[in-house]
Amino acid sequence: MSCNSSVTRVDASSVSQALEEPVHLVPCEVEHNGPAQVSQFFTAAVKERKHEKTVSFRGRGLKGQEINFPQGYTGLVLKEFNKPGSDQEDRTLMVSSVFDKLTYWNLETPPNSDDTVVMAMDWPDLAEAIHGPIED
């Protein structure tokens, strides 16, 4: 039995050069790994009425909502960067963009407080309450 050990590193210095980019969480799987013209074909078609966003993606209606992250939290988009001559098992990830909110999409129905992504935004406050000091 062999034990393969690999190391994944995140280059924290790359955060300062990262641009803030919009992020969309779409309820589908796209079998593509690479650049896409999202702003040309997706975001240009988004319509907003009464704080509800709508768009059609591959013929399916999506309803969305912009969700802000809890204060003090930032999302990172990571991109793999391998240095020449490095071990193939070791990986270095660079921060390519950052975000403090995302647009969350559902099929046909608008996001609501019962959705796991929406509920996840309450976790930092809940974790602090659970693990914080007990006051008399």
Next on the checklist: Do V46 and L102 sit in one hydrophobic cluster, given that two such residues count as connected whenever their side-chain heavy atoms are within less than 4.5 Å of each other, even indirectly?
Outcome noted: no
Please report, to 0.1 Å, the donor-acceptor pairs under 3.5 Å made by any side chain of residues 105-120, with sequence neighbours excluded.
residue : atom : partner : partner atom : Å
W105    : NE1  : H24     : ND1          : 3.0
N106    : OD1  : Y104    : OH           : 3.2
N106    : ND2  : D115    : OD2          : 2.8
N112    : OD1  : D114    : N            : 2.7
D115    : OD2  : N112    : N            : 3.1

Next on the checklist: Take a 6.0 Å sphere around CD of Q17 and say whether it holds more than 12 heavy atoms from other residues, nucleotides or ligands.
Outcome noted: yes
Next on the checklist: Restricting to side chain to side chain contact (heavy atoms under 4.5 Å, CB included), what partner residues turn up for Y73, sequence neighbours left out?
Outcome noted: F69, P70, P124
Checklist outcome for this item: Output for pair (H131 NE2, L126 CG), nearest 0.5 Å, gives 8.0 Å
Next on the checklist: Is any side-chain heavy atom of K79 closer than 4.5 Å to one of V77?
Outcome noted: no
Checklist entry - Hey, is the main chain of V95 close enough, under 3.5 Å, to the side chain of S14 for a donor-acceptor pair? => result yes
Checklist entry - Which atom pair, heavy atoms only, marks the closest approach of E20 to D100? => result OE2-OD1, 3.5 Å
Checklist entry - So do the side chains of L93 and R9 get within less than 4.5 Å of each other, counting heavy atoms only? => result no
Checklist entry - Do you reckon L19 sits in the same ILVMFWY cluster as V98, going by side-chain contacts under 4.5 Å, direct or chained? => result no
Checklist entry - For the atom pair NZ (K63) and CZ (R49), what is the distance rounded to the nearest 0.5 Å? => result 8.5 Å
Checklist entry - Going through the checks in order, is the side chain to side chain contact (heavy atoms under 4.5 Å, CB included) test met by T103 and K53? => result CA-CA 9 Å; T103 304; K53 296 176 184 276; 3.8 Å; yes
Checklist entry - Backbone N or O of D90 within a donor-acceptor pair of the S6 side chain at under 3.5 Å? => result no
Checklist entry - If you round to the nearest 0.5 Å, how far is CG of L78 from CG of D11? => result 10.5 Å
